[in-house]
Amino acid sequence: MSVPTVIVHRDAEVLAQAAAARLITRLVDTQAARGSAHVVLTGGTVGIATLAAVAATAARDAIDWRALDIWWGDERFLPDGHPERNETGARQALLDHVDLDPARVHPMPGPDSGLSPEEAAESYAIELAKAARPEDHGPVPQFDLLLLGMGPDGHVASLFPGQPALYEKDRSVVAVHGSPKPPPTRISLTFPAINAAREVWVVAGGGEKAQAVHLALSTAGPMQVPAAGARGRHGTLFLLDRASAAKIPSTLGRIASP
Ligand SMILES: O=C1O[C@H](COP(=O)(O)O)[C@@H](O)[C@H](O)[C@H]1O
């Protein structure tokens with residue numbers, strides 16, 4: 001797995017704008033090379049702000065949106081259209097404003113599906129397995145880009161410190177119960193699925209994340225600080241603002257915005 005590269009922007013607004021520009025370039029390059037791309041979206045403050053920044057730039061038209069598979073790294077187990085669903089945030093910020101192929105948008109099922117959280121996780125794992133090609137050598141597509149927000153406790157997707165989901169070695173998707181952050185019931189990709197991505201980008205802004213960022217990039221293990229396990233096969237980026245990067249050694253971070 002790759003060693004993280006850390007890029008620090010001036011503030012959360014520049015961070016979202018720069019992450020959006022980087023995301024567009026990444027997807028355009030992937031589609032130029034392979035014809036299509038798989039991207040995994042995240043919820044969270046900077047994650048959704050990044051999608052809104054993509055929607056706001058004319059450069060978004062450089063992406064062939066109909067040749068893009070869109071997945072989620074986690075979802076709050078709430079009814080369709082609920083404002084707290086990560087899917088709802090992503091649709092409002094970006095997906096409702098671009099010409100997607102609906103068959104290639106893969107939201108995680110919620111209670112409206114009639115499935116239990118465990119069944120919903122299993123059904124998402126099956127959907128991922130169907131999309132995996134022989135060259136992916138596994139039960140999920142090798143996502144071209146997987147975005148993750150990070151909580152002040154270091155959680156990524158819905159993998160929270162000390163919870164059983166962190167130890168999952170076989171399944172690509174699990175149900176999460178008793179999440180310390182509401183709502184308590186969620187669906188999440190596991191580390192094996194996250195680590196299958198070619199590139200993993202952690203986007204985090206704000207001083208309340210500084211300690212978790214520091215630990216994720218230093219001595220902590222993923223059971224203590226899940227973001228420490230957020231690594232891609234070929235590349236891992238921590239895209240930060242100055243506040244969230246405040247506790248990392250200055251030698252680690254590359255300042256990208258004056
Ligand atoms: O609950 C969640 O929180 C994280 C981070 O959220 P933030 O508002 O602190 O940035 C998010 O990445 C995750 O997808 C989500 O379900």
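Ligands are counted one by one from 1 in listed order, and the atoms in each one are counted from 1 as well.
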*Please state which protein non-hydrogen atom is closest to atom 8 (O) of ligand 1 and give its distance, to 0.1 Å?*
Thr45 OG1, 2.7 Å

*Can you list the atoms of ligand 1 that are under 4.0 Å from a heavy atom of Arg186?*
1 (O), 2 (C), 16 (O)

*Protein heavy atom at shortest distance from atom 4 (C) of ligand 1*: His155 NE2, 3.2 Å

*Report the nearest protein non-hydrogen atom to atom 9 (O) of ligand 1: residue, atom name, distance rounded to 0.1 Å.*
Lys209 NZ, 2.9 Å

*Using a 4.0 Å heavy-atom threshold (strictly under), name the region of Leu148 that reaches ligand 1: side chain, backbone, both or neither.*
neither

*Atom indices of ligand 1 within 4.0 angstrom of Gly149 heavy atoms, with elements*: 12 (O)

*Verify, without hydrogens or angle tests, whether Asp74 (side chain) and Thr42 (backbone) share a donor-acceptor contact under 3.5 angstrom.*
no

_Aromatic ring pairing Tyr124/Trp71, orientation class (parallel under 30°, perpendicular over 60°, tilted between)_ = perpendicular

*Identify whether Leu27 and Ile24 are in the same connected component of the hydrophobic contact network (ILVMFWY, side-chain heavy atoms under 4.5 Å).*
yes

_Side chain or backbone, does Gly151 bring an N or O within less than 3.5 Å of an N or O on ligand 1?_
no

_Region of Glu75 engaging ligand 1 - heavy atom pairs below 4.0 Å_ = neither

*Any ion pair linking Lys130 and Glu127 (charged N to carboxylate O, less than 4.0 Å)?*
no

*So, the side chain of Thr50 versus the backbone of Ala19: is there a donor-acceptor pair under 3.5 Å, distance only?*
no

*Mark yes or no for whether Asn195, through its side chain, and Pro192, through its backbone, hold a donor-acceptor pair below 3.5 Å.*
no

*Shortest non-hydrogen separation from Arg66 to Asp101 and the atoms involved*: O-CB, 3.8 Å

*How far is atom 15 (C) of ligand 1 from its nearest protein heavy atom, and which residue and atom is that?*
Arg76 NH2, 3.4 Å

_Show me which atoms of ligand 1 lie under 4.0 Å from any heavy atom of Asp74._
13 (C), 14 (O), 15 (C), 16 (O)

*Would you mind checking which non-hydrogen protein atom is closest to atom 3 (O) of ligand 1, with the distance to 0.1 Å?*
Lys181 NZ, 2.8 Å

*Are Arg186 and Ser179 close enough, and set up right, to give a side chain to side chain donor-acceptor pair (under 3.5 Å), and what steps lead you there?*
CA-CA 8 Å; Arg186 292 154 172 259; Ser179 155; 3.2 Å; yes

